[in-house]
Each structure stands twice: as structure tokens, then as C-alpha cells.
Amino acid sequence: MFEYVRGHGSASRSDTARALSISAGAVTGIAAELIAAGLIREIEDPKRETTVRGRPPVALAIVPDSFHVIGIHLANERHSAILTDSIGTVLAETALDAHAPKRSVEELVDEISLLIADLLNVSGMTKTQISAIGIGFAGLIDHTTGTVSWSPLLTETDVKLANIVSEQTDTPVFIDNDANIVTLAELWFGDGRGKSNFAVMTVEHGVGMGLVLNNRLFRGARGMGLELGHTKVQIGGALCRCGQRGCLEAYLADYALIKEAAAVLDIAKLGVEKTAMEQLATASKSGDPSAQAIFDNANKYLVLGLANIVQLFDPDLIILSGERMRYSIPKDVHLRTEVNKLTLNKNACEIVAHAWDGSVWARGASALALTAATDYVTRESRQ
Ligand SMILES: [Zn+2]
């Protein structure tokens with residue numbers, strides 16, 4: 001109920017009961033507990049006219065400063081972090097240049113501590129006022145156990161990072177991978193706000209996916225699901241980074257396009273992935289037929305990925321995200337037409353492309369902390 005009210009900005013008791021298929025009595029009871037705990041409040045309903053009897057209609061809304069969280073994004077070159085209140089308003093932000101692309105756990109924890117200290121300093125808050133810390137980065141991350149099996153940022157494997165940071169800060173810490181934190185950023189701050197069921201598909205150095213079902217991020221039984229990039233689109237097809245063949249990623253991700261570009265285009269320095277993608281995009285825009293063909297072919301696989309999401313999950317909305325949106329996005333209408341050709345349910349789902357600025361990462365990490373803190377504080381309020 002808290003998530004529903006938060007997602008919609010405000011909601012009347014009757015709309016909440018209808019949307020969540022629970023009785024009006026249950027909504028009234030839970031609302032009373034959440035109000036008593038200082039988590040939600042009553043406001044004048046902005047979506048309804050005053051009744052003829054003159055009593056202003058009432059809606060439920062989240063109390064903005066009922067708790068605070070920190071969101072941290074760790075990256076190869078530059079880490080970023082924000083401190084927000086319970087509705088996600090940014091109260092302080094900071095960044096830190098990473099001193100090396102790969103580091104030991106101790107060095108990473110030191111960098112995290114610096115970011116936290118800086119945020120507390122800027123906001124004038126103390127550690128005890130922070131309900132949760134969310135940390136997002138690339139890698140194989142088990143959110144449930146807080147373990148990093150592997151990450152391009154770390155020299156070590158199988159690191160219980162959430163525990164280590166939690167002990168040091170005396171605060172609950174939650175970690176997750178990039179695709180999930182982008183999805184949480186959309187759920188809390190982006191186009192997913194107010195949508196109960198939506199998917200995010202990310203295309204850049206890899207192909208990722210996030211899924212929100214009933215206002216919550218879906219992770220699968222072991223948190224290892226939704227690896228859209230490694231679903232097979234061709235038996236015995238192109239070799240993927242994962243070592244298997246025929247993965248969607250092997251036809252759609254940046255590295256696949258760069259490999260192809262190196263074979264057919266005269267691009268001198270294809271060493272750095274981003275630079276090579278920029279060169280390929282420039283060649284395509286200036287009318288190079290080989291470069292255009294590479295993007296056209298990749299977009300066919302993009303449509304295939306989207307169509308499979310529509311067919312499997314029937315979401316209200318799919319948000320396309322990731323660096324690729326800067327280079328090559330088929331027009332929305334065209335995309336819809338092409339997806340329709342591969343699906344049985346036509347026009348059922350809206351598809352939008354969202355090119356975020358750099359703030360998406362720290363926002364996503366704060367949304368991870370907000371989700372966890374919401375669970376924690378609402379559970380506490382009911383005990
Ligand atoms: Zn693969």
C-alpha cells in the first residue's frame with residue numbers, strides 16, 4: 001500500500017482499495033497504522049473536486065522526511081552518491097574519482113566511506129539518521145545475500161560487500177547490479193512512476209533487463225533471472241561473452257557491433273569501446289552504408305528482444321535505456337509496428353526510449369535503499 005501511494009504521488013483510500021483488490025476496511029486499518037507511525041499523512045485530494053456537502057475529499061500521501069537513505073553508484077572512473085528523503089528528494093550529492101579501474105575490497109570500502117562522510121557533512125545529518133544505504137555497480141551480484149560473485153571493479157571474487165559496509169557504518173546495506181538499479185530509478189523517479197507492471201531493457205556494452213511486477217522489482221527465485229542478453233536467438237549462433245553461442249547480446253550489444261565494424265569499416269582505433277561506438281554512429285549518420293547496415297541489423301534484434309518481452313510478460317510499458325539510446329533509436333511508431341509483427345497481442349504495450357543523464361545511477365542506488373527502507377520501516381510500524 002505504501003508503494004502504491006508513493007508511486008502515484010497521492011491516492012484516495014477507495015482508489016487504493018480498488019487498485020490493490022483489498023477491502024476498504026483493510027485500507028483504513030493499514031492507513032491508520034502508517035499514519036500513527038508517521039510514514040503517511042492525509043492531504044486534500046488533488047485529483048477530486050470538493051463534494052456538494054462541502055467536505056474536501058482526502059487522499060493519502062507519503063511523509064517526505066519520515067526517513068532518509070543514501071544511494072551510491074560505483075564505476076570504473078567516477079563514483080557518485082546522493083542522500084535523499086523518503087520520497088526521493090535529493091538533499092545532498094557528491095562524487096569521487098576512482099583511483100584505479102580495479103581495486104581490493106579494502107580500497108573499495110575506503111572509497112565508499114569517503115562518499116558517505118561527504119554526504120553527511122554536506123547535509124548536516126548524522127549516521128543514525130540514515131535508514132539504509134543502497135549500492136549499485138556492474139557485476140554478478142546476489143542482492144539477497146549481498147554477495148559480489150564477480151565485478152569488473154574488484155580484484156577479489158565472492159565478496160560479502162553488503163555485510164562489510166553494514167558492519168562499518170552500522171546501517172543496513174543493500175547491493176544490486178546496474179540493470180536492476182536503472183529499473184528502480186524508473187520506478188521511483190522516471191517513466192515507471194505510477195505503473196504497476198513494466199519492463200526496462202538496457203542496451204550498451206551488454207543487454208540487460210529489469211522487470212517490475214505489482215509495483216515491485218522482480219528478481220527470480222535466486223536473483224539470477226531476467227538475463228535477456230543471454231536468451232538464445234539462434235542455436236549454434238554467434239559467440240557471446242558468456243562463452244555460449246547464439247545469445248541476443250552477441251547480435252545487439254556494443255561489443256558485437258564493434259566486432260562487426262572492425263571487419264567492414266576502416267575504423268583505425270577500435271580499442272576503447274565508447275570511442276569505437278561513437279565512430280560507428282558518426283559514420284552511420286554521415287551516410288556510410290556499412291555502418292547503417294550494422295545499426296539496422298542490430299535494431300532487428302532489438303525488436304526481437306522487445307517482442308519477446310511483450311509476449312512473455314504483457315507489461316503496460318517497456319522503457320528502452322542505456323548508452324545505445326544516444327546513438328541509434330528507431331522511432332517509437334516504427335518500433336511499435338515492427339514489434340507488432342512478432343507478437344500476438346497488438347498495441348497492448350507502450351514502448352518509450354529514455355536517455356538518462358549520469359544521475360540515473362546514484363538515483364537508482366538510492367531507490368534500492370528507499371525500497372529496502374520502506375520494507376523495514378513499514379514492517380517496524382506494524383509490530
Ligand atoms: Zn551469452
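Just so you know, ligand 1 is whichever comes first in the structure, and atom 1 is the first atom listed for that ligand. Note: hydrogens, waters and symmetry copies are ignored here, and every other heavy atom, side chains too, is used.
For F174, the ring-ring contact (aromatic ring centres under 6.0 Å, His included) criterion is met by no residue, not counting sequence neighbours. With sequence neighbours left out, the salt bridge (charged side-chain N to carboxylate O under 4.0 Å, His left out) criterion links D288 to no other residue.
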Could you go step by step and tell me if V90 and R363 meet the side chain to side chain contact (heavy atoms under 4.5 Å, CB included) rule? CA-CA 9 Å; V90 179; R363 281 190 166 266; 3.5 Å; yes
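Less than 2.8 Å away from the Zn ion (ligand 1), the protein contributes these N/O/S atoms: H230 ND1, C240 SG, C242 SG, C247 SG.
Between the side chains of T126 and Q129, at least one donor N or O lies within less than 3.5 Å of an accepting N or O. T371 and W188 are linked by a side-chain donor-acceptor pair at a separation below 3.5 angstrom, with hydrogens and angles left out of the test.
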Solution key, residues 158-168 side-chain donor-acceptor pairs under 3.5 Å, sequence neighbours excluded:
residue, atom, partner, partner atom, Å
S166, OG, T171, O, 2.9
Q168, OE1, S113, OG, 2.8

